[in-house]
Amino acid sequence: MQKLFKLVVAGIFALSICVHADDSTLKEIVVASGSTSVPNSYIVNGKHTGHEVDIWNEISKKTGLKVKFITGEFNTLFGYLDSGKADTVGNTITINQKRLDKYDFSEPYAYIPEKLVVQPEREDIKKLKDIEGLTCGYSAGSNGGNLFEQIAKKQNIKINLVSYDSSELLAEAFRRHKVDVMIFSAGETAFKIKNGYLKARMAEENVTLGLKAYPFVKNNERSKKLREIVTKAIQEMKADGTLTKIYEKWYGMDFSNEPKDAKLIK
């Protein structure tokens, strides 16, 4: 198993032996979450919805914590966490080494492949190497830029990498054919294509498998206790099938268990 996965497992094991069922001094958790990240966390007709909302509602039921959301564009979410305005980020955050260096994570609550998303007519793009010379777009603050750089390095190819300030601007650039390739999770992409939010196709080869978890600031006692409580709730939700039901509702497939052929980010 790769180094990153070992680090994540070690951290979760340490949590599992000191988890509290509850902490009476902790009544609320503030979660920074997306306002336009369909279907993770988004606002429609003034209502905050998405599978993250469903997950946090269940965490609240299991822990007694009152969940308060702060919503914004993706590139603002970690700013809320770093400034102390939020306790964690709930927007299907992928664990990677840069984030592990800065944050402690809860147990992963989803294992979702990342996919190349291309224009529907581009049947020639099937593998990672096929994006050579193409314009690859990602939203600022997301893991997309990091993944594109990894692909270019590992495949020894050149790509034109372009950053956009929000997922909406990226999607608009893609619709106008200013962007050839994006990287999104398989779940998010399947949802958007199925529901008419996105006209695209997914390339056959997976980019990687993303471990999704909740980040908490390091060296902070409140954050440590909240992370323990949230991790315990996630473990219970995996065991009793709650997470499976939420994923099947939103995607028609289950992302709550790690695939046997997992290919994790180093």
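All residue numbers in this chain count up from 1 along the given sequence.
Note on D87 versus K68: no salt bridge recorded, every NZ/NE/NH1/NH2 to OD/OE distance being 4.0 Å or above. The pair K249-D54 meets the salt-bridge criterion, with a side-chain N (NZ, NE, NH1 or NH2) lying under 4.0 Å from an Asp/Glu carboxylate O. In summary, E228 and K225 do not engage in a salt bridge, as defined by a charged side-chain N under 4.0 Å from a carboxylate O. A salt bridge is absent between K245 and E248: the closest approach of a Lys/Arg side-chain nitrogen to an acidic carboxylate oxygen does not fall below 4.0 angstrom.
Applying the salt bridge (Lys or Arg N to Asp or Glu O under 4.0 Å) test to every pair with at least one member in residues 108-117, sequence neighbours left out, gives these pairs: E114-K212. Sequence neighbours left out, not one pair with a member in residues 134-150 passes salt bridge (Lys or Arg N to Asp or Glu O under 4.0 Å).
Listed for the N206 side chain is no donor-acceptor partner under 3.5 Å among the backbone atoms of T208. Side chain of T231 to main chain of E107: a donor-acceptor pair is present (N/O by atom type, distance under 3.5 Å, no hydrogens or angles). Between the side chain of K199 and the main chain of G196, no donor-acceptor pair closer than 3.5 Å is present.
For F184, the ring pair (Phe, Tyr, Trp, His ring centres under 6.0 Å) criterion is met by no residue, not counting sequence neighbours. For E168, the side-chain contact (heavy atoms from CB on, under 4.5 Å) partners two or more places apart in sequence, or in a different chain, are T36, E73, S166. Judged as a side-chain contact (heavy atoms from CB on, under 4.5 Å), and not counting sequence neighbours, the contacts of A213 are I95, F105, S106. Considering only residues two or more places apart in sequence or on other chains, F78 meets the ring pair (Phe, Tyr, Trp, His ring centres under 6.0 Å) condition with Y103. When the side-chain hydrogen bond (donor to acceptor under 3.5 Å, both in side chains) test is applied to N75, no partner is found at least two apart in sequence or on another chain. Taking the side-chain contact (heavy atoms from CB on, under 4.5 Å) definition, one finds that N57 meets it with V53, sequence neighbours left out. Residues satisfying the ring pair (Phe, Tyr, Trp, His ring centres under 6.0 Å) test with Y251, not counting sequence neighbours, are H51, F255. Judged as a side-chain contact (heavy atoms from CB on, under 4.5 Å), and not counting sequence neighbours, K158 has no contacts. Scored by the ring pair (Phe, Tyr, Trp, His ring centres under 6.0 Å) test, Y109 finds Y214 as partners (sequence neighbours excluded).
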What donor-acceptor contacts under 3.5 angstrom involve side-chain atoms of residues 41-48, with partners at least two apart or in another chain?
| from | atom 1 | to | atom 2 | distance (Å) |
| --- | --- | --- | --- | --- |
| S41 | OG | S33 | OG | 2.7 |
| S41 | OG | G34 | N | 3.3 |
| S41 | OG | G34 | O | 2.7 |
| S41 | OG | H48 | NE2 | 2.7 |

Please test T63 against K232 for side-chain contact (heavy atoms from CB on, under 4.5 Å), starting from the C-alpha separation and ending with a verdict. CA-CA 9 Å; T63 64; K232 184 174 185 293; over 6 Å; no

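Side-chain contact annotation: N143 with T94, donor-acceptor N/O pair under 3.5 Å absent.
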